[in-house]
Q: 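Before I ask anything, here is the structure I am working with.
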Number of protein chains: 2
Amino acid sequence: MFERSQLNKGTLEGCILKIIGREPSYGYAIVAALREAGFTDVTEGTLYPLLLRLERKGMLSAAYQASPNGPSRKYYSLTEQGAQYLAEFEQAWQTTAAAVEAILQD
Amino acid sequence: MFERSQLNKGTLEGCILKIIGREPSYGYAIVAALREAGFTDVTEGTLYPLLLRLERKGMLSAAYQASPNGPSRKYYSLTEQGAQYLAEFEQAWQTTAAAVEAILQD
DNA sequence: TTTGTCTATATTGTAATGCAAGGTAGTGAC
DNA sequence: GTCACTACCTTGCATTACAATATAGACAAA
């Protein structure tokens, strides 16, 4: 069986930055957005470590904010460095996707 | 700096199976095919371990054949199991690519 | 009041993967 | 006989997605 999750490597990171780039968001909501977009199997166990990694790398900045429904939410914003990283990702994605399509077609 | 190689995870494997599925081929030629398709940075150090892995998993079968230019070539062929795995990969790729595009657009 | 559900974040450990680095060896041209 | 090209292989490392597990607040229903 082919493990679909292998295809998430590298792409998830970029997608998360893109989502946060639109407007600051928090983990629980980001998981929902990813699932809706088609990453149906993404769980919190995947996302939270990833967010922490991106924060430590300086791609994201974070601030807690009270929630009306439960525990405080940790809102992430894209830093300038993160925006640049995102641009690089988008470029790389297009290049790689084109290469894969070139091979798969026919 | 975004590491483009992260996007290769999972995709390379499928692309290799696809190339071999068209007609049996050997490592050195497969590297050339990948480079031409757009995986410009792929090296033998990446490919050979991957081919061995796929062979051990039963996705590929191999046979040595003399070369007119140098050492014997190890020709790989797609097994039945490999063909099924490839089909699963193609399906997964389309799903994932659609999800990424959905997020990146706009 | 306690049970369950939804919201929300975090940590630990593991397996898979790409890749750098290094090594071996055949062929042929100069 | 040295160089360049062809052709294969192995060891070890860093990154990554993910499962599993833990913690905890809010709130409704039983």
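What you see is a predicted model, and the numbers here were worked out from it, not measured in a lab. In what follows, chains carry the letters A, B, and so on, assigned in the order in which the sequence lines appear, proteins first and then strands, with residues in each chain numbered from 1.
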Q: Mapping L47(A) and P68(A) onto DNA chain D by nearest heavy atom, which one lands closer to the 5' end?
A: L47(A)
Q: Atom CZ of F89(A) and atom P of dT15(D): how far apart are they, to the nearest Å?
A: 18 Å
Q: Nearest to the R53(A) side chain among dA8(C), dG18(C), dT16(D), which nucleotide is it?
A: dT16(D)
Q: The side chain of S5(A) is closest to which nucleotide in this list: dC18(D), dA7(D), dA8(C)?
A: dC18(D)
Q: For the pair made of CZ in F2(A) and C1' in dA17(D), what is the distance, rounded to whole Å?
A: 13 Å
Q: If I take atom CD from residue E101(A) and atom CD from residue Q94(B), how far apart are they, to the nearest 0.5 angstrom?
A: 7.5 Å
Q: Does the side chain of Y28(A) get closer than 4.0 angstrom to OP1 or OP2 of dT7(C) through an N or O atom?
A: yes
Q: Under 4.0 Å between a side-chain N or O of N8(B) and OP1 or OP2 of dC19(C)?
A: yes
Q: Check whether any side-chain nitrogen or oxygen of Y26(B) sits under 4.0 Å from OP1 or OP2 of dA7(D), and answer yes or no.
A: yes
Q: Measure across I20(B) and Y76(B) and return the closest heavy-atom pair with its distance rounded to 0.1 Å.
A: CG2-O, 3.2 Å
Q: Taking for each residue the nucleotide of DNA chain C bearing the nearest heavy atom, is the 5' side occupied by G45(A) or by Q6(B)?
A: G45(A)
Q: What is the distance from CE of M59(A) to P of dT16(D), rounded to the nearest Å?
A: 10 Å
Q: Categorize E13(B) for me: base, sugar-phosphate, or nothing, with a 4.0 angstrom heavy-atom threshold over every strand shown.
A: sugar-phosphate
Q: Can you find a side chain N or O atom of S67(A) that sits less than 4.0 Å from OP1 or OP2 on dA8(C)?
A: yes
Q: Take the protein atom OH of Y48(B) and the nucleotide atom C1' of dA20(C), then report the distance between them rounded to whole Å.
A: 16 Å
Q: Report the C-alpha distance between L47(A) and L12(A) in whole Å, list the side-chain angles of each, state the deciding distance to 0.1 Å, and finish with yes or no for side chain to side chain contact (heavy atoms under 4.5 Å, CB included).
A: CA-CA 9 Å; L47(A) 192 66; L12(A) 265 185; over 6 Å; no
Q: Name the one of E80(B), E90(B), E13(B) that satisfies side-chain hydrogen bond (donor to acceptor under 3.5 Å, both in side chains) with Y85(B)?
A: E13(B)
Q: Return the OG1 to NZ distance between T79(A) and K57(A), rounded to the nearest 0.5 Å.
A: 11.5 Å
Q: What's the CD-P distance between Q65(A) and dA8(C), to the nearest Å?
A: 12 Å
Q: Are OP1 or OP2 of dA20(C) and a side-chain N or O of T43(B) less than 4.0 angstrom apart?
A: yes
Q: If the cut-off is 4.0 Å, is R73(A) near the phosphate of dG25(D), judged by side-chain N/O to OP1 or OP2?
A: no
Q: Can you check the L60(B) CG to dC8(D) C1' distance for me, whole Å?
A: 16 Å
Q: With respect to the side chain of V42(B), which nucleotide from dC19(C), dA8(C), dC9(D) is positioned closest?
A: dC19(C)
Q: Would you say E36(A) has more than 12 foreign heavy atoms packed within less than 6.0 Å of its CD?
A: no
Q: How many Å lie between NZ on K9(A) and C1' on dC18(D), as a whole number?
A: 8 Å
Q: Hey, does the side chain of Y64(A) come within less than 4.0 Å of dA10(C)'s phosphate (OP1/OP2), counting only N and O?
A: yes
Q: If every non-hydrogen atom of T95(A) is compared with every non-hydrogen atom of R4(B), which pair is closest and at what distance?
A: CG2-NH2, 3.6 Å
Q: Would you mind telling me which residue lines up with the more 5' stretch of DNA chain C, D41(B) or K57(B), judged by nearest nucleotide?
A: K57(B)
Q: May I ask you to evaluate whether T46(A) reaches the phosphate of dC18(D), defined as a side-chain N or O under 4.0 Å from OP1 or OP2?
A: yes
Q: Across the strands shown, which category fits L51(A) at heavy-atom distances under 4.0 angstrom: base, sugar-phosphate, nothing?
A: nothing
Q: When you get a sec, tell me which of dT12(C), dG18(C), dA7(D) is the closest nucleotide to the side chain of P49(A)?
A: dT12(C)
Q: Within less than 4.0 Å of OP1 or OP2 of dC9(D), is there a side-chain N or O belonging to K74(B)?
A: yes
Q: Where the side chain of L52(A) is concerned, which of dT6(D), dT16(D), dA10(C) is the nearest nucleotide?
A: dA10(C)
Q: Starting from the 5' end of DNA chain D, give me the residue, E44(B) or N69(B), whose nearest nucleotide shows up first.
A: N69(B)
Q: Quick check on dA17(D): is either OP1 or OP2 less than 4.0 Å from any side-chain nitrogen or oxygen of R4(A)?
A: no
Q: If I take atom CZ in residue R56(A) and atom P in nucleotide dT15(D), what distance separates them, rounded to the nearest angstrom?
A: 13 Å
